There are 2 protein chains.
Amino acid sequence: MPPTLEEVAKLAGVSRSTVSRVVNQHPHVRPEVRERVWEVIRQTGYQPHAAARSLATRYTRVIGLIIPQAVTTLFTDPYFPVLMRGVADACNAHNYHLMLSLFSHRRVRDSYAGQDLLYRQLLRGRYLDGVVVSSAPLDDPIFPRLLEDNVPFVIVGRYPHERANYVDVDNVVGARMAVEHLLRLGHERIATITGPLNMFAAQDRLEGYRQALAARGIPLDERLIAEGDFAEQGGRTAMQRLLPHQPTAVFAASDMMAVGALKALREAGLRVPEDVAVVGFDDVPLASMVDPPLTTVRQPIEQLGSMAVELLISLLENPNTGGVHRVVLPTELVIRASCGVRVQ
Amino acid sequence: MPPTLEEVAKLAGVSRSTVSRVVNQHPHVRPEVRERVWEVIRQTGYQPHAAARSLATRYTRVIGLIIPQAVTTLFTDPYFPVLMRGVADACNAHNYHLMLSLFSHRRVRDSYAGQDLLYRQLLRGRYLDGVVVSSAPLDDPIFPRLLEDNVPFVIVGRYPHERANYVDVDNVVGARMAVEHLLRLGHERIATITGPLNMFAAQDRLEGYRQALAARGIPLDERLIAEGDFAEQGGRTAMQRLLPHQPTAVFAASDMMAVGALKALREAGLRVPEDVAVVGFDDVPLASMVDPPLTTVRQPIEQLGSMAVELLISLLENPNTGGVHRVVLPTELVIRASCGVRVQ
DNA sequence: CGGATTTTTGGGAGCGCTCCCAGTTAATTG
DNA sequence: CAATTAACTGGGAGCGCTCCCAAAAATCCG
């Protein structure tokens with residue numbers, strides 16, 4: 001049974017309140033007393049009881065990371081581990097703890113309803129001070145829940161609501177750069193494999209693709225647009241659907257889908273980049289390991305995670321700082337072999 | 001301000017205690033009253049305050065997942081996401097929440113000392129009911145801490161202590177199968193790239209390698225053993241160190257290291273499997289995507305995660321069930337192209 | 001050096017919940 | 001139908017902490 005404040009107080013010959021002051025670094029404690037109390041704390045290994053503390057203060061020093069995405073994508077995609085690292089790092093640095101909620105929809109309980117139940121528990125039950133949400137589809141029930149319960153939150157990505165704080169990457173510009181690069185290489189029949197279009201990132205990357213073509217005066221050919229799911233398998237089947245329309249280049253909205261596309265192309269007996277050029281998005285480690293190495297759009301994933309946390313914490317600690325906070329980070333085109341170098 | 005028990009009680013015209021009984025499914029509440037209370041709960045969206053509850057019950061319904069590994073490996077290795085999925089799934093299924101602690105050692109605070117401080121906070125501060133630990137080196141400070149503070153825990157892996165519960169994979173047998181396969185293919189100069197030897201899994205896989213050779217009467221050649229770090233880069237440099245001793249086959253203790261080895265071999269102008277056969281361990285998704293696809297030892301990673309959680313929960317809920325709980329799951333050899341098929 | 005400050009200190013109240021113990025009310029039984 | 005017994009219900013105490021307020025001690029100043 002670990003010691004309580006009261007016990008420490010008795011041992012140090014002071015009152016509960018004084019020990020509390022010492023622990024919480026309040027001023028107005030004689031240095032001599034303060035030292036005596038610290039000594040007892042050290043010896044007893046005293047540690048404040050989190051529940052008691054948060055019952056009294058209404059703060060938990062815990063933030064949640066919610067990743068509601070249906071699973072397939074999630075865990076073959078190296079995106080998430082990296083994001084998590086950014087998030088975890090920032091939490092450690094600020095002495096917050098991290099609660100992770102993943103939903104895989106594979107068990108009955110993980111249904112839409114079960115998920116909503118868990119959200120309620122987590123948010124209304126005051127397990128958390130605030131939340132970082134990543135990769136949620138636009139219609140995910142987490143958003144209304146957060147808004148309704150007035151829980152401070154930051155999205156990694158974007159959400160169309162006046163009270164939504166977010167940290168995002170400039171997906172439109174990133175995608176445009178990628179497609180412009182293909183245009184520069186002389187391609188005109190450029191296809192795209194999009195992410196699931198109920199996600200903003202997917203929509204934005206498609207928009208970038210559109211803009212690049214429009215700027216070049218190339219009319220949009222709907223047959224050159226195939227929707228994928230950000231995962232490899234989806235990229236592969238999307239590519240198969242695109243093949244009959246003979247694109248000479250493909251912009252995939254994620255590296256995993258680009259890898260899938262690579263596979264589909266190889267199966268169809270086409271060479272990359274000679275017959276078809278491929279560009280991805282994300283620059284996950286795998287991108288440089290496949291054959292041929294992928295040209296891709298790098299996004300600062302880890303930084304996204306830590307910035308989200310830092311923004312959230314600043315929201316928590318200065319609640320009055322008015323206004324909505326939005327950060328958009330730039331992307332960078334990384335050129336490798338998969339798009340070839342065609343002379344115009 | 002969300003409603004409290006007391007408020008719900010007033011609205012339903014009963015006492016605090018009765019509402020508590022309803023919420024906690026205690027018997028001895030008239031069905032009619034029970035229904036009335038539920039109705040109020042539904043209308044108000046009442047949700048018990050977690051901190052208040054755990055202050056009173058001394059339970060939090062939160063379990064921790066602690067991954068103390070120095071980072072490089074961690075997040076390029078698809079092992080962790082999969083493990084996490086297993087862990088998260090099991091938590092969801094049993095209505096527990098998951099607290100994640102990762103340490104990357106990249107900031108000052110993430111030093112050994114900072115880490116220990118966080119452990120104390122987490123464990124002594126009663127944030128958690130119990131803990132799952134994965135990929136901790138044998139000398140990690142988490143173990144003494146857990147033992148000393150008497151926190152229920154389950155290791156994914158293994159730890160030499162009488163009170164250590166764990167869920168592990170049969171690394172020795174898995175490694176032996178891999179090496180035996182190479183032996184069967186006629187190899188005699190078989191090298192191995194081990195994991196960091198302060199981890200049990202690495203030691204066990206090395207032991208399996210030893211056993212396979214010994215059973216065949218092949219003397220151990222220390223020059224054919226190189227220590228890696230489970231990550232790609234480490235596998236690559238380890239392979240470079242092995243090359244001068246001209247192995248005809250290599251058993252890498254992780255797929256990521258096998259991929260690194262592949263790279264080193266290619267750089268050295270050697271063909272796989274014609275010149276050197278390669279076998280990995282883990283069967284991560286990447287294993288089947290590289291060229292040539294890796295022969296490897298599959299371990300049920302996700303199952304490992306969910307079993308660890310389930311074991312932990314059963315420990316928490318039936319504390320008197322004596323004895324230590326240990327589960328060892330089997331592995332499976334997956335044969336692909338990287339080891340070739342040599343006729344003896 | 002005595003009153004006015006200012007700094008320290010202690011203790012009560014309360015955060016929202018569970019659990020135990022009586023007190024009520026309803027059901028059973030001979 | 002009175003006497004038991006069982007099924008419900010309410011309220012106090014307490015989980016360990018913070019915060020406020022007032023009392024006590026130390027410091028100041030003319």
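Any value given below was found using the heavy atoms of this structure, including those in side chains, with hydrogens, waters and symmetry copies removed. Chain letters run A, B, ... following the sequence lines, proteins first and then strands; every chain starts at 1. What you are looking at is a predicted structure, and each value in this text was computed from that prediction instead of being measured.
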*Starting at CG of A/D89, measure out to CZ of B/F103 and round the result to the nearest 0.5 Å.*
10.5 Å

_Gap separating the CZ atom of A/R30 from the OG1 atom of A/T18, nearest 0.5 angstrom_ = 9.5 Å

*Excluding sequence neighbours, so at least two apart, what forms salt bridge (Lys or Arg N to Asp or Glu O under 4.0 Å) with A/E162?*
none

*A/E39: partners by salt bridge (Lys or Arg N to Asp or Glu O under 4.0 Å), with sequence neighbours left out*: A/R42

*Report yes if the side chains of A/R61 and A/N95 come closer than 4.5 Å at any heavy-atom pair, otherwise no.*
yes

*May I ask you to list the residues of residues 48-63 of chain B, by number, that have any heavy atom positioned under 4.0 Å from an atom of DNA chain D?*
B/L55, B/A56, B/R58

*Under 4.0 Å from any atom of DNA chain D, heavy atoms only: list the residues of residues 15-37 of chain B that qualify, in numerical order.*
B/S15, B/R16, B/S17, B/T18, B/R21, B/H28, B/V29, B/R30, B/V33

*asked:* With a 4.0 Å cut-off on N to O distance, would you call B/R120 and B/E148 a salt bridge?
replied: no

*So, the side chain of A/N165 versus the backbone of A/F153: is there a donor-acceptor pair under 3.5 Å, distance only?*
yes

*asked:* Please check: side-chain N/O of B/D129 versus main-chain N/O of B/L316, any donor-acceptor pairing under 3.5 Å?
replied: no

Between [X] ([atom1]) and [N] ([atom2]), how many Å, whole number?
X	N	atom1	atom2	answer
A/E7	D/dG14	CD	P	15 Å
B/Q47	C/dC17	CD	C1'	13 Å
B/K10	D/dG10	NZ	C1'	15 Å

Identify all pairs in which a protein N or O lies below 3.5 Å from an N or O of nucleotides 24-28 of chain C, and state each distance.
none

*Could B/R158 and B/F200 be counted as a cation-pi pair, given that NZ or CZ must be under 6.0 Å from the ring centre and within 45° of the axis?*
yes

*Within 45° of the six-membered ring axis of A/Y119 and under 6.0 Å from that ring's centre, is NZ or CZ of A/R145 located there?*
no

_How bent is the helix from C/dC1-D/dG30 to C/dG30-D/dC1, measuring the angle between the end axes built from five pairs each, rounded to 10°?_
30°

Distance-minimising heavy-atom pair for [X] and [Y]:
X	Y	result
A/L118	B/N92	CD1-OD1, 3.7 Å
B/P68	B/S134	CD-O, 3.2 Å
A/G125	B/Q47	N-CG, 3.7 Å

